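The structure's right below; bear with me while I get my questions together.
Source: prediction; values computed, not measured. Chain identifiers are assigned alphabetically (A, B, ...) following the order of the sequence lines, protein sequences preceding nucleic acid strands; residue numbering begins at 1 within each chain.
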Amino acid sequence: MKRQLLTSILVTVMTLMAGIAPAVVFAEQKLVLVVSSESSLAELKPGELRKLFMGLPVSKQGHVIKPLRNMSDERLNQVFLQKVVYMSEGRYEHHLIARVFRIGGVRPAQFESSQSLTQALAEDPMRVSYMWEDDVPDDSNLKILHSW
Amino acid sequence: MYLSGAVSDCQHSSIRQKTTSQRHWQWILLALIFCVAGNVQAASEGGWLLFPQLEYADWPADDPNVDHGDGHGHERGELSPAVDVFFSGNFNDKFQLLFEAFLSKDERELERLQLGWTPSPGNTLWMGRVHNPIGLWNSRYHHGSYLQLTISRPHIFEFEDAGGPLPSHLLGFMWDGSIASKNQASSGWHYTAALGLGPEWKDEMETANIDDVDLADHSPTATAAIFYKPDIYSDSEIEAFVSHTEIPIVNQPTGNIELVLAGLSFDWHFDALELMGAVVAVENKVTEGAVSQHGRFVASYFQAAYTWQTELTVFARMGTTTNWQHDPYLERFPAFSHEEKVVGLRYEISRRHALKLEFSEDSFHHDTIQHTGVQWSAYFP
């Protein structure tokens, strides 16, 4: 009797866990590289992309490409640092500061909201940024150059 | 052990006080730059950086009237706040503005004011007051204390007003260039060529300033440097440089100092271990009236640092100078420490704040002092 009760409780708990589990697993989000839909940029190789976000000059078709950092989501920022820059945030920031202090130029502009980032991208076809694929607005003037 | 030095209080005060003339024009110019920079920021791309620091230094001193300092320009037993204000901006990808001013209790100096033209990415012609590209320490850190690992600078690259014998600024033109900088390249060569007005000698070495430059009191300085980075994403780098400087002695019509420098400087990273160093050979000729004296010395330093968990770093540095005893040029720098030994710790309190503790022993012409320093440094934003 006692054994049957224990089994019933166990089965109930397992069934409940099985039902809840899919809800707590995060949907896999894809990091995508975005530009204005009017941009003539078709491809950026990983080396060029890393160079760009490290503050080094990268140009295509005679135009300087400008990187924009998406700071609207901490997890997005961490994934970007892992997949593109290959550096910890502290080391990355230090590198950018040291470079600007030594030879001038500017650090990549930072955007705290997706809306202002989307607007900035639409204003200049040579601006490049990244976001979650799900966050690319359907009706926006953005195009995806690359996804990870 | 502190022994009585040969330098008078009068000389010491001249070492510490950078500015002898009132630089009102400098501050008017600064205000203008702030306005222009503000507009640049609004219209194009640019950003401010602040590098604040708070420092405490102490060393034993038997006779406070006879003191050449610690060889690094610190005030003994005092808390010294300072801030380096920096701006860098771009106009239409072709033109740049760079501004840096250092403000402390004793010093308000326009460090850099540069206008740049970038005909192609990675190549810029600068005009204005620039850092003389002699050695990685001078090119990279300057007054950005947070950026350098240690509190003190190596003796040979110490600032002029703290006893350093090498000219760290010039007023003129500088070309920064890249060699074969292809988009996919992972290593790189860069070079810098600078030509401009060097320092003058008025009781001490004084660099050319934008607001009070008198062409008759300054002579040309030329420097060329080449840099190699095996990996453009790392801080490892090696630099070779040569420089020629003429320093007119202002109160003597025929007085002149000629300096020829050649040097090698490196910074190499092996994971958590960083090795840094430089060797600089200096040939000099000091002419006063009909008498000319020649001198030659070699100064070098070597620094090793090891970092644990990206937060705690322990470092040690040794520096030495040959033929310093009767060098006619070095005799003019009583605050120059010809030999140094430094050990210390750096702790990253957070991503933008560092705490440093340093113990050093510096040898001067007639004595040696042991020095302790503590510094908080940071950058914003």
Name the region of Leu147(B), side chain, backbone, both or neither, that has any atom closer than 4.5 Å to a heavy atom of chain A.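 Both parts, backbone and side chain.
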Taking heavy atoms only and a threshold strictly under 4.5 Å, list by residue number the residues of residues 132-140 of chain B that touch chain A; give 'none' if the list is empty.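 Near chain A, by residue number: Leu136(B), Ser139(B), Arg140(B).
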Quick one: does Ser88(B)'s side chain have a donor or acceptor within less than 3.5 Å of a partner on Gly105(A)'s backbone?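 Checking the backbone N and O of Gly105(A) against the side chain of Ser88(B), a donor-acceptor pair under 3.5 Å is found.
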Return the set of residues passing side chain to side chain contact (heavy atoms under 4.5 Å, CB included) with Leu115(B) (not counting sequence neighbours), or none when no residue passes.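 With neighbours one apart ignored, the set is Leu97(B), Met127(B).
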Any Arg107(A) side-chain heavy atom under 4.5 Å of Leu49(B) side chain: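 With C-beta onward as the side chain, the pair touches.
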Check whether Arg50(A) gets within reach of chain B through its side chain, its backbone, both or neither, counting any heavy atom under 4.5 Å.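 Both parts, heavy atoms under 4.5 Å.
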Given a strict heavy-atom distance threshold of 4.5 Å, which part of Leu56(A) is in contact with chain B: side chain, backbone, both, or neither?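 Only the side chain of Leu56(A) comes within 4.5 Å of chain B.
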Which atoms form the tightest heavy-atom contact between Ile103(A) and Trp126(B), and what is the distance?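 Shortest heavy-atom contact: O-CZ2, 3.4 Å.
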Phe266(B) CZ: over 12 foreign heavy atoms closer than 6.0 Å: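 Count over threshold, so yes.
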Can you find a pair of side-chain heavy atoms, one from His95(A) and one from Tyr233(B), that are under 4.5 Å apart?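 In short, these two side chains do not touch, never coming nearer than 4.5 Å.
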Surrounding CD of Gln61(A) (heavy atoms of other residues, nucleotides or ligands, distance under 6.0 Å), is the total greater than 12?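 Yes - once you tally the heavy atoms of other residues, nucleotides and ligands closer than 6.0 Å, there are more than 12.
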Taking the side chain as every heavy atom from C-beta outward, state whether Thr310(B) and Arg91(A) have any atom pair closer than 4.5 Å.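 Not touching, per the 4.5 Å side-chain cut-off.
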With the side chain counted from C-beta on, respond yes when Arg102(A) and Tyr141(B) share a heavy-atom pair under 4.5 Å apart, and no when they do not.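 Side-chain contact under 4.5 Å: no.
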More than 12 heavy atoms of other residues, nucleotides or ligands under 6.0 Å from CH2 of Trp148(A): yes or no?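 Enclosed.
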Answer yes or no: does atom CD of Gln115(A) have more than 12 heavy-atom neighbours from other residues, nucleotides or ligands under 6.0 Å?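 Atom CD in Gln115(A) is not packed in, count stays at 12 or less.
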Check whether the ring centres of Phe51(B) and Phe101(A) lie less than 6.0 Å apart, and answer yes or no.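 Here the rings of Phe101(A) and Phe51(B) have centres that are less than 6.0 Å from each other.
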Top residue by heavy-atom pair count (under 4.5 Å) with chain A, among Glu100(B), Glu348(B), Arg352(B)?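 Sorted descending by pairs with chain A, the first entry is Glu100(B).
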Determine whether more than 12 heavy atoms belonging to other residues, nucleotides or ligands lie under 6.0 Å from atom CD of Glu38(A).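 Not buried by this count: 12 neighbours or fewer within 6.0 Å.
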